[in-house]
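Fair warning: this is a prediction, and the values are worked out from it, not measured in the lab. Each chain gets a letter, A, B and so on, in the order its sequence line appears, and its residues count up from 1.
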Amino acid sequence: MVDNADVVHTLGRIADLLEIRGENSFKVRAYRMAAARVESLTEPIAGVAARDGGLRRLDGFGPAIAEKVTELLNIGHLQYLADLEAEIPAALLAVCELPGVGPRTAATLWREAGIASLDELEAAAAAGSLEGIPRLGTRSIERIVAALEARRRNGARERRPRGRVVPLAVALTPALRSLPDVERAHAAGSFRRKRETVKDLDVLVSTREPRAVLQWFSTLPSVERVLVRGSTKCSVEADSGFQVDCRAVAPEAYGSAMQYFTGSRAHNIRMRGRALRMGMLLNEYGLFLIEGNRRIAGDTERGVYEALGLRWIPPEEREHGGDIELTGASVRRTRRPQEAEAV
DNA sequence: TTAGTATT
DNA sequence: CATAATACTAAA
């Protein structure tokens, strides 16, 4: 019996393999969107398929994906996926999991050097045979070797229970606040959204001296490896390979930066799309009227939501894109006229 | 400058 | 035709 989770897994796997194959990114995205749609179903997909209209009634299901999922439901097997798996080694997906290595690099390693797994990559690196691969310079090879070493030490990265990350967060944010140039510091991301597990810890700081703050952050004793360090953000591995991202912004952008850095990604896409439809641009630096490029919000997170006609949405409710419609009752509809100036 | 990878 | 916007790094 094929259940919803099987369909989600199958569609996601197709997307990953198509990506390594270098397929049109809209096609890849289509499979991911269809997978997300099935994941959000509250009933067995077989039931949807059986009813009038069938799978095509689901958002994100066009003729091609509907046909494939029908085949999977009916005979418990999808030839299209089998063909892809015959073409592309499954172990390449693990290569893509290395930080800094994505589908294009994995495809290059495979096609140019026949590397199809982490073990083969490690052997090739040790033998020095990565040199000479097109678009793979010395620095890239160094990064790959470092990533392989980190993985051997810590194993594959896994999400951690939120409770296991709390001590890190409660130690890090006050430490950042105690720096001379830092005004504010808070954990954001899925930690702030109170997800049960988190993939990494995101910390936002406001400062006029981002470089100094990020320099301090990247040289903390518990930092095992610096992944990237630029002028506005720094990502490190600490605490057995757990990733911690620090983003620094000017104090007047703290609200919009918190909005951005809290996510979720789907929530941000909806918020930014809504801004566009209202003739505005939303990014981590503020909310801007496109006409005249005038900044109208961003100092506070609440100000961003209200300028977009929404009430402030608690982080826990920002998990899915639909939250804006479900919970973000329009301020215009709910507030009384005399409160209008508060926006 | 651009491609690739990354972040929410 | 297709959901947003931006940052960092290495290679060319």
Rounded to whole Å, the CZ-C1' distance (A:Arg270 to B:dT8) equals 16 Å
Would you please confirm or rule out a distance under 4.0 Å between OP1 or OP2 of C:dA4 and any side-chain N or O of A:Asn268?
-> no
Among C:dT3, C:dC8, C:dT6, find the nucleotide with the atom closest to the side chain of A:Val228.
-> C:dC8
Closer to the 5' end of DNA chain B via nearest nucleotide, is it A:Lys199 or A:Gly102?
-> A:Gly102
Under 4.0 Å between a Lys/Arg side-chain N and an Asp/Glu carboxylate O for A:Glu122 and A:Arg152?
-> yes
Starting at CD1 of A:Ile144 and ending at P of B:dG4, how long is that distance when rounded to a whole Å?
-> 14 Å
Can you check the A:Arg104 CZ to C:dA12 P distance for me, whole Å?
-> 15 Å
Nucleotide B:dT7, atom C1' - distance to CD of A:Glu284 in whole Å = 9 Å
Considering just the side-chain nitrogens and oxygens of A:Gln243, establish if one lies under 4.0 Å of OP1 or OP2 belonging to B:dA6.
-> no
Please determine, for the side chain of A:Pro103, which listed nucleotide (B:dT5, C:dT6, C:dT9) has the closest atom?
-> B:dT5
Side-chain contact check for A:Lys233: nearest option of C:dC8, B:dT5, C:dT3 is C:dC8
Considering heavy-atom distances to DNA chain C, does A:Leu214 or A:Arg29 have its closest nucleotide positioned more toward the 5' end?
-> A:Arg29
Row check, A:Phe61 ring normal vs A:Arg37 NZ/CZ: under 6.0 Å, within 45° | no
Is there a donor in the side chain of A:Arg195 and an acceptor in the side chain of A:Ser190, or the other way round, less than 3.5 Å apart?
-> no
Taking the nucleotide of DNA chain C with the closest heavy atom to each, which residue, A:Ile269 or A:Tyr285, is nearer the 5' end?
-> A:Ile269
Can you tell me the distance, in whole Å, between the NE2 atom of A:His267 and the C1' atom of C:dA4?
-> 13 Å
Determine the contact category for A:Ser235: base if any of its heavy atoms lies under 4.0 Å from a base atom, sugar-phosphate if only primed atoms, P, OP1 or OP2 are that close, otherwise nothing.
-> nothing
Is A:Arg153 salt-bridged to A:Glu237, cutoff N-O under 4.0 Å?
-> no
Grab the CZ-P distance between A:Arg229 and C:dA10 for me, whole Å please.
-> 13 Å
Among B:dT7, C:dA5, B:dT5, which nucleotide sits nearest the side chain of A:Thr105?
-> B:dT5
Just call it for A:Arg32: base, sugar-phosphate, or nothing, with non-hydrogen atoms closer than 4.0 Å on any strand.
-> nothing
Using a heavy-atom cut-off of under 4.0 Å over every strand shown, decide if A:Ser231 touches base, sugar-phosphate, or nothing.
-> sugar-phosphate
Side-chain atoms of A:Asn24 come closest, of C:dA5, C:dA11, C:dA2, to C:dA2
Looking across every strand, which nucleic acid part, if any, lies under 4.0 Å from A:Leu227 by heavy atom: base, sugar-phosphate, or nothing?
-> nothing
Decide, yes or no, whether a salt bridge links A:Glu43 with A:Arg51 under the criterion of side-chain N to carboxylate O below 4.0 Å.
-> yes
Which whole-number value in Å describes the distance from A:Leu282 CG to C:dT6 P?
-> 9 Å
What is the nucleic acid contact for A:Asp245, judged by heavy atoms within less than 4.0 Å: base, sugar-phosphate only, or nothing?
-> sugar-phosphate
Under 4.0 Å between any heavy atoms, over every strand shown, what does A:Arg139 touch: base, sugar-phosphate, or nothing? Just pick one.
-> sugar-phosphate
Any side-chain donor-acceptor pair under 3.5 Å between A:Arg184 and A:Ser206?
-> no
Atom CZ of A:Arg274 and atom P of C:dT3 are separated, to the nearest Å, by 18 Å
Has the side chain of A:Tyr260 got a donor or acceptor that lies under 3.5 Å from a partner of the other kind on the base of B:dT7?
-> yes
Is it the case that A:Thr262 and A:Arg192 place a side-chain donor and acceptor less than 3.5 Å from each other?
-> yes
A:Glu142 near the nucleic acid: base, sugar-phosphate alone, or nothing, with a heavy-atom cut-off under 4.0 Å?
-> nothing
Tell me which nucleotide among C:dA7, C:dA11, C:dA5 gets nearest to the side chain of A:Arg247.
-> C:dA7
Look at all strands and tell whether A:Gln259 reaches a base, only sugar-phosphate, or nothing, counting heavy atoms closer than 4.0 Å.
-> nothing
